[in-house]
Amino acid sequence: MSIRVRFAPSPTGYLHIGGARTALFNWLYARHTGGTFILRIEDTDEARNSQEAVDVILSGLRWMGLDWDEGPQTGAANGPSKGERGPYFQSQRKAIYQKRVQELKEKGLAYDHEGAVKFRMQREPVVIPDLVVGNVTRELTDREKMDPDFVIVRSDGQPVFHLVNVIDDLEMAITHVIRGEDHLSNTAKHIALFKAFGVAPPNYAHIPLILNKDGSKMSKRDTGASLTGYIEEGYAPEAVVNYLSLLGWSPKGNREVVPLKEVIELFDLPQVLRHNARFDLDKLHWINGEYIKGMDAPRFGQLAQEALVAAGVSTAGCDAAYVAAAFATAKEKVKQFREIPAFTDFYFKDAIVPDAEAAAKSFVPENKPRVEKLRAAFAQIAAFDAVSLEQTLKAICAELGVKAGVLVAPVRVACTGRSVGPSLYHLMEILGKERVLKRLDAALTKMD
RNA sequence: GACCCUAUGGUCUAGCGGUUAGGACACCACCCUUUCACGGUGGGAGCCCGGGUUCGAUUCCCGGUAGGGUCGCCA
């Protein structure tokens, strides 16, 4: 039997990081087993459906590299799709639901009630076999003991989540339902529904939830809850995917940075952890830095370029070699692409507006003669390269009887406008003699 | 309130009856150093509590506590 899994998000306008992780685990399981990964849009709540909301999900999944074998190809509910079990939007499957509700009614397992349709739920406890948690016996709650039956079609004619979810899983021949643990209790209803249709339920695997750093539930409003945030912050998708795969699952062997290919090979359901995990931004940050370090120059350059554009910095007019050399000086320094503008924007600006605090500290009268002396020495350098610059600066410092830092700080602020940045000697080499001298002159006028 | 899941340093985790309880992130100190980052060395920090079972429990069982989830004509 070929394994078929699905990710079935509701288009709410954003992609929850927990949802992204659920999608990832489904995708990993499909790729690990050679099965089929299906994307189904649960847009039964017409009030809040929009193509934009669906696009957020599609683009998020694509950003992570989670390609689906069956499902929609665009955000349009009636648009093109791939796969033989469509439509993949629930809003397009109403006839199927109506037919199935009729089936239940004919079997005497559903009945009309106050304009709605209710399902005749079994009164006995339901055993839920779960690949992650084990066998779970779900007893009825107080409320359910009073009335175990539940609505499957609202009085306005709309079928509810439990019903359509089960019907679609059934019609789409889903073999493994991998979803958040928040659905574990509800699974009793789903199993009862499958039985009512005379079909064996799929295998279930309820994965732990992702909580906030403080252990509270991560809801829409919490910062960091939306995948879009990480995309905009400039995280590398491979880093986010790596980090997410480590929440609730472990490759063992004290491994942290694991290439996706290996994750696919190692991933399996029985090893999924049973307890919730808290989202640790620090660790994501670190992993992102690891991926940046291992990135090749073209890929790094591409993402750095995007970060600059996002910050409104243009590299237009600079030749490719200059831009590449500039980025190379920042690559080992940043852990996040959001830091790129601060580390490289001075390469692409004509005039430097120094950071006020840094200027106040470095642009002081006593530094003026020192920088003047250094400027004169720089002007004499024939080969304006990092080695020569370092030798020259250190020679001047020796003459002045001061430590290197005394000159490095004002020169750095003069050249970059900031007190932190890439290696000073290398960035000066890239800027070139003309620009460096010009910036030193500009800074000297502010040291009186 | 009822029902369900869970419980190893601050966080992510390894461990599956006998270990000096391992790794990573974060944190602190020092080294390296032109800033930052990297790298290196060292350090603090953990088996939720109480009963059992056992020669022996972090590990198995029960209870408690705590956290999370569900009980909707939301998904």
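Here is how names work: the chains are called A, B, and so on, in the same order as the sequence lines, proteins then strands, and each is numbered from 1.
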Whole angstroms only, please: what is the [atom1]-[atom2] distance between [X] and [N]?
X        : N     : atom1 : atom2 : result
A/Asp142 : B/A2  : CG    : C1'   : 4 Å
A/Arg274 : B/A14 : CZ    : C1'   : 14 Å
A/Leu140 : B/A2  : CG    : C1'   : 10 Å
A/Arg143 : B/C73 : CZ    : C1'   : 12 Å
A/Phe150 : B/C74 : CZ    : C1'   : 15 Å
A/Met146 : B/C3  : CE    : C1'   : 15 Å
A/Leu281 : B/G10 : CG    : C1'   : 15 Å
A/Ile128 : B/C3  : CD1   : P     : 15 Å

Inset, instruction - Flag the pair A/Phe89 / A/Asn78 as yes when at least one side-chain heavy-atom distance between them is below 4.5 Å, and no otherwise. - result: no
With a 3.5 angstrom cut-off on both distances, give the Watson-Crick or G-U wobble partner of [N], or none if there isn't one.
N     : value
B/C55 : B/G18
B/C25 : B/G10
B/C32 : none

Using the [atom1] atom in both, what is the distance from [N] to [M], to the nearest Å?
N     : M     : atom1 : value
B/A37 : B/C47 : C1'   : 35 Å
B/A66 : B/G72 : P     : 25 Å
B/A26 : B/U65 : P     : 38 Å
B/C60 : B/C3  : P     : 24 Å
B/A24 : B/C36 : P     : 24 Å
B/U13 : B/C55 : P     : 36 Å
B/A2  : B/C16 : C1'   : 34 Å
B/G23 : B/G46 : P     : 15 Å

Inset, instruction - Assess the pair A/Trp249 and A/Phe25: is the distance between their ring centroids shorter than 6.0 Å? - result: no
Inset, instruction - Establish, yes or no, whether a centroid distance under 6.0 Å links the rings of A/Tyr230 and A/Phe279. - result: yes
Distance-only donor-acceptor test, [X] side-chain atoms vs [N] base atoms, 3.5 Å:
X        : N     : result
A/Ser423 : B/U34 : yes
A/Lys189 : B/U70 : no
A/Arg278 : B/U11 : no
A/Lys283 : B/A24 : yes
A/Asn254 : B/G22 : yes
A/Ser155 : B/C73 : yes

[X] side chain near [N] phosphate (N/O to OP1/OP2, under 4.0 Å):
X        : N     : result
A/Thr44  : B/A75 : yes
A/His183 : B/C5  : no
A/Lys252 : B/G15 : yes
A/Lys335 : B/C38 : yes
A/Lys394 : B/U34 : yes
A/Arg154 : B/G72 : no

Which nucleotide, [options], lies nearest any side-chain atom of [X]?
X        : options             : answer
A/Ala277 : B/G68, B/C12, B/C25 : B/C12
A/Val408 : B/G23, B/G68, B/U34 : B/U34
A/Leu209 : B/G69, B/C3, B/U6   : B/G69
A/Val133 : B/C3, B/U35, B/U6   : B/U6
A/Lys213 : B/U11, B/C4, B/G68  : B/U11
A/Ser185 : B/G69, B/A26, B/C71 : B/G69
A/Lys333 : B/A37, B/C12, B/C73 : B/A37

Reckon [X] touches a base, only the sugar-phosphate, or nothing at all at heavy-atom distances under 4.0 Å?
X        : result
A/Gly248 : sugar-phosphate
A/Glu139 : sugar-phosphate
A/Pro422 : base
A/Gly421 : base
A/His162 : base
A/Leu424 : base
A/Tyr425 : base
A/Lys293 : sugar-phosphate
A/Asn186 : base
A/Leu393 : nothing
A/Arg412 : base
A/Asp280 : base

Inset, instruction - Apply side chain to side chain contact (heavy atoms under 4.5 Å, CB included) to A/Val413 and A/Phe363, showing your working. - result: CA-CA 8 Å; A/Val413 177; A/Phe363 293 177; 3.6 Å; yes
Legend entry - side-chain contact (heavy atoms from CB on, under 4.5 Å), paired with A/Tyr88, selected from A/Ile41, A/Ile38, A/Leu39: A/Ile38
Taking atom types as modelled, is there a side-chain donor on [X] or [Y] under 3.5 Å from an acceptor on the other?
X        : Y        : answer
A/Tyr29  : A/Asp268 : no
A/Glu265 : A/His32  : no
A/Thr187 : A/His206 : yes

Legend entry - Approximate separation, where rounding is to 0.5 Å, of A/Gln305 CD and A/Phe327 CZ: 5.0 Å
Inset, instruction - Measure the spacing between NZ of A/Lys213 and CG of A/Asp282 and express it to the nearest 0.5 Å. - result: 5.0 Å
Inset, instruction - Let me know, please, whether A/Val160 or A/Arg138 comes out on the 5' side of the other along RNA chain B by nearest nucleotide. - result: A/Arg138
